[in-house]
Amino acid sequence: MATKVADYLLTRLREWGVERVFGYPGDGINGILAAWGRADNKPVFVQARHEEMAAFEAVGYAKFTGKVGICAATSGPGAIHLLNGLYDAKLDHVPVVAIVGQTNRSAMGGSYQQEVDLISLYKDVASEYLEMVTVPEQLPNVLDRAIRTAISQHAPTAIIIPSDVQELDYSAPTHAFKMVPSSLGLTQPETTPGTEDLRRAAEVLNAGSKVAILVGQGARDARDEVIAVADMLGAGVAKALLGKDVLPDDLPFVTGSIGLLGTRPSYELMMDCDTLLTIGSSFPYTQFMPEFGKARGVQIERDARMIGMRYPYEVNLVGDARATLTRLIPRLERKTDRSWREKVEKNVGRWWEVMERQEQVPADPINPQLVFGELSRRLPGNALLTSDSGSAANWYARHIRFTGDVRGSLSGNLATMGPGVPYAIGAKFGHQDRPVIALVGDGAMQMNGINELVTIGKYWQEWTDPRLIIVVLNNQDLNQVTWEMRAMEGAPQFLPSQHLPDFPYAGFAQSIGLGGDRVEKPDGVGAAWERALNSDRPHVLEFVTDPAVPPIPPHATLDQMENMVSSLMKGDSDWSEVMKVGFWQKLQEFLPGKGS
Ligand SMILES: Cc1ncc(C[n+]2csc(CCOP(=O)(O)OP(=O)(O)O)c2C)c(N)n1
Ligand SMILES: [Mg+2]
């Protein structure tokens with residue numbers, strides 16, 4: 001039988017080294033599905049419950065492996081469902097290729113069933129590369145460019161293949177006019193700034209006496225170099241959320257996360273420094289960076305389109321983090337006065353003590369901080385963590401100490417609900433021998449996480465290490481929004497929108513053959529973690545947590561936090577009182593210039 005376009009598509013994906021495609025079927029891609037059958041399911045088709053989940057799985061796979069993630073969906077509704085996951089890839093700069101179907105060429109423009117103008121719909125999300133294949137000779141070039149562009153531009157791209165084209169006999173581009181042949185492979189250039197620019201950057205960094213470093217995911221390959229620079233400059237290092245795994249938290253000068261979800265030591269590092277070095281981060285919140293005019297700034301960023309924003313930097317170095325730092329280091333002078341660094345380290349030590357004490361404050365019934373603290377103390381050094389958007393992201397940012405090779409990610413820039421469980425599935429398919437832990441709210445579970453447990457149920461027996469732990473914060477509240485409303489609107493909880501019905505998350509997991517624990521008391525938290533971490537199968541840990549425990553922003557000083565913890569521990573006040581008063585009235589006291 002002749003090779004059809006769909007057969008060649010799968011062959012080419014295999015030639016690119018693609019091992020898995022996360023997808024969902026439909027008649028817009030029936031031709032490709034039939035080819036998959038003929039190709040003995042290579043690359044392996046991973047079936048999600050929903051196309052958005054397939055896209056999140058591809059994003060999670062790409063984030064945790066560094067390889068391109070591929071997702072596939074049918075025309076019309078399937079392609080529409082992929083969108084939110086593809087936007088997540090776009091905003092977090094993740095290489096993902098979407099392969100979607102379209103109606104037959106003969107029906108196009110005829111308002112045909114499931115006919116959606118996909119070129120217009122995908123124009124923005126796949127702005128780096130989007131093309132429809134209309135004749136077989138186009139295919140290798142369009143697919144190769146979609147893959148190469150996704151990898152090199154760190155972005156989602158998409159190819160649309162009408163169903164009748166999938167069924168055509170494949171015919172390769174020829175050595176002829178208006179044919180576009182293509183070839184496999186891609187090497188990534190190493191970009192470094194020029195000597196004069198490195199000299200200017202070194203001048204700024206050497207002149208400062210209180211240096212702050214901010215790292216983001218772009219610094220991930222430069223761990224040793226960042227440590228070396230921080231040592232020479234006597235600097236503290238704060239981490240943007242997507243860069244939480246760039247440096248481990250057991251280094252005493254690492255101040256942890258930055259921003260509203262960040263730590264007090266990161267806040268003070270930024271407010272008190274006289275020099276800022278940002279490496280591989282487009283952290284957007286200027287108000288958590290030094291006052292304008294207070295610090296001289298240097299930025300290192302691989303993408304010239306993303307440099308020079310967020311802060312008025314004096315030197316903008318376009319280059320890869322590792323290559324640039326390697327060339328910068330010989331130009332740096334070791335700071336002999338270590339007092340700034342000592343202050344930062346003292347702050348960091350005290351911060352972790354306050355976090356541990358906060359975790360112990362009683363709540364009704366479980367303090368969510370305790371859930372994260374108990375995990376942090378047991379976290380395997382090779383774990384992969386995902387967090388959903390919700391209060392979990394606060395506790396993930398502040399209470400989990402990364403050590404060793406722990407990796408973690410969340411939807412950093414789109415901050416969408418829903419990726420916690422599918423990211424974990426993508427991570428697991430990328431690293432079947434590593435434990436994966438998803439930290440998810442009950443709202444996100446009800447949005448899609450419960451359904452995606454079914455996907456875990458379908459595949460877990462294939463995994464070398466079957467440990468995939470899904471933590472559900474059962475607080476019967478869309479808690480993060482509840483707190484945001486209190487903060488910004490001064491509004492009380494609006495129950496018709498905020499309250500969530502209960503659901504037996506652990507019981508449901510058990511009913512489909514997974515492990516499950518519902519934990520209702522603080523003294524059961526540690527033991528539940530032990531069970532899940534030693535389980536022979538994926539495990540849902542449902543913790544009944546108190547929605548009245550506020551995510552305290554970094555405006556609160558360590559003294560204020562300690563006082564609050566002491567008064568809560570003594571019973572002089574409790575979390576529900578904080579809630580009644582309205583946390584944000586309390587927050588006012590924490591804002592700079594207000595209260596003690
Ligand atoms: C798709 C999407 N819808 C809505 C939001 C707004 N939002 C952010 S966090 C959140 C609440 C999450 O609730 P839950 O998952 O229960 O976590 P909790 O904060 O209660 O721990 C909402 C509604 C969003 N970020 N993404
Ligand atoms: Mg909730």
Side-chain angles (χ1 to χ4, degrees), residues 50-53 55-56 59 80-92 125 241 259-261 284 363-372 375 385-400 409-424 437-453 470-489 491 493-506 518-519 540-553 575 579 583:
H50 183 297
E51 291 84 354
E52 184 178 331
M53 300 304 103
F56 281 145
V59 178
I80 293 167
H81 269 180
L82 283 181
L83 278 176
N84 196 46
L86 295 179
Y87 269 108
D88 186 40
K90 185 179 178 81
L91 270 65
D92 277 358
V125 75
L241 259 187
L260 193 64
L261 277 55
D364 181 21
I366 296 175
N367 180 343
Q369 296 165 323
L370 180 70
V371 171
F372 287 68
L375 166 62
L385 268 68
T386 71
S387 169
D388 216 287
S389 304
S391 71
N394 291 274
W395 319 128
Y396 165 80
R398 282 197 274 259
H399 289 264
I400 299 204
S409 200
L410 39 58
S411 173
N413 291 292
L414 189 61
T416 177
M417 281 172 75
V421 178
Y423 268 18
I437 302 169
L439 309 161
V440 187
D442 46 359
M445 284 305 285
Q446 293 183 13
M447 191 175 263
N448 57 32
I450 295 169
N451 284 358
E452 231 27 39
L453 291 180
I470 294 106
V471 173
V472 185
L473 300 181
N474 183 348
N475 53 20
Q476 292 195 48
D477 185 30
L478 294 168
N479 197 235
Q480 182 66 17
V481 172
T482 300
W483 289 116
E484 284 164 5
M485 286 174 63
R486 287 187 182 121
M488 282 174 246
E489 319 294 338
Q493 194 186 28
F494 174 55
L495 286 174
S497 99
Q498 300 310 113
H499 180 72
L500 292 172
D502 201 2
F503 182 87
Y505 306 94
R518 180 179 155 103
V519 186
V540 169
L541 280 183
E542 174 189 349
F543 294 103
V544 182
T545 54
D546 188 345
V549 176
I552 297 176
W575 294 120
M579 200 168 180
F583 167 66

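Numbering of ligands and ligand atoms starts at 1, following listing order.
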Please answer whether the main-chain N or O of [Y] pairs with a side-chain N or O of [X] as donor and acceptor at a distance below 3.5 Å.
X    : Y    : value
Q498 : L478 : yes
D92  : N413 : yes
E542 : Y505 : yes
D546 : N367 : no
N475 : T545 : no

Look at the aromatic rings of Y423 and F56 and report parallel, tilted or perpendicular, splitting at 30° and 60°. perpendicular
[X] versus [Y]: any side-chain heavy-atom pair under 4.5 Å?
X    : Y    : result
N448 : M53  : yes
L91  : T416 : no
L410 : L439 : no

If you look at each N/O of ligand 1, which protein N/O atoms lie under 3.5 Å away, and at what distance?
unit_1   : atom_1 : unit_2 : atom_2 : d
ligand 1 : 15 (O) : G443   : N      : 3.2
ligand 1 : 15 (O) : A444   : N      : 2.9
ligand 1 : 16 (O) : D442   : N      : 3.4
ligand 1 : 16 (O) : D442   : OD1    : 2.7
ligand 1 : 16 (O) : G443   : N      : 2.7
ligand 1 : 16 (O) : D477   : O      : 3.0
ligand 1 : 19 (O) : S391   : N      : 2.8
ligand 1 : 19 (O) : N479   : N      : 3.3
ligand 1 : 19 (O) : Q480   : N      : 2.8
ligand 1 : 20 (O) : N475   : OD1    : 3.3
ligand 1 : 20 (O) : N475   : ND2    : 3.1
ligand 1 : 20 (O) : D477   : O      : 2.7
ligand 1 : 20 (O) : N479   : N      : 2.8
ligand 1 : 21 (O) : S391   : N      : 3.4
ligand 1 : 21 (O) : S391   : OG     : 2.6
ligand 1 : 21 (O) : N475   : ND2    : 3.4
ligand 1 : 25 (N) : A415   : O      : 2.9
ligand 1 : 26 (N) : M417   : N      : 3.0

Metal site the Mg ion (ligand 2), protein N/O/S atoms found under 2.8 Å: 3
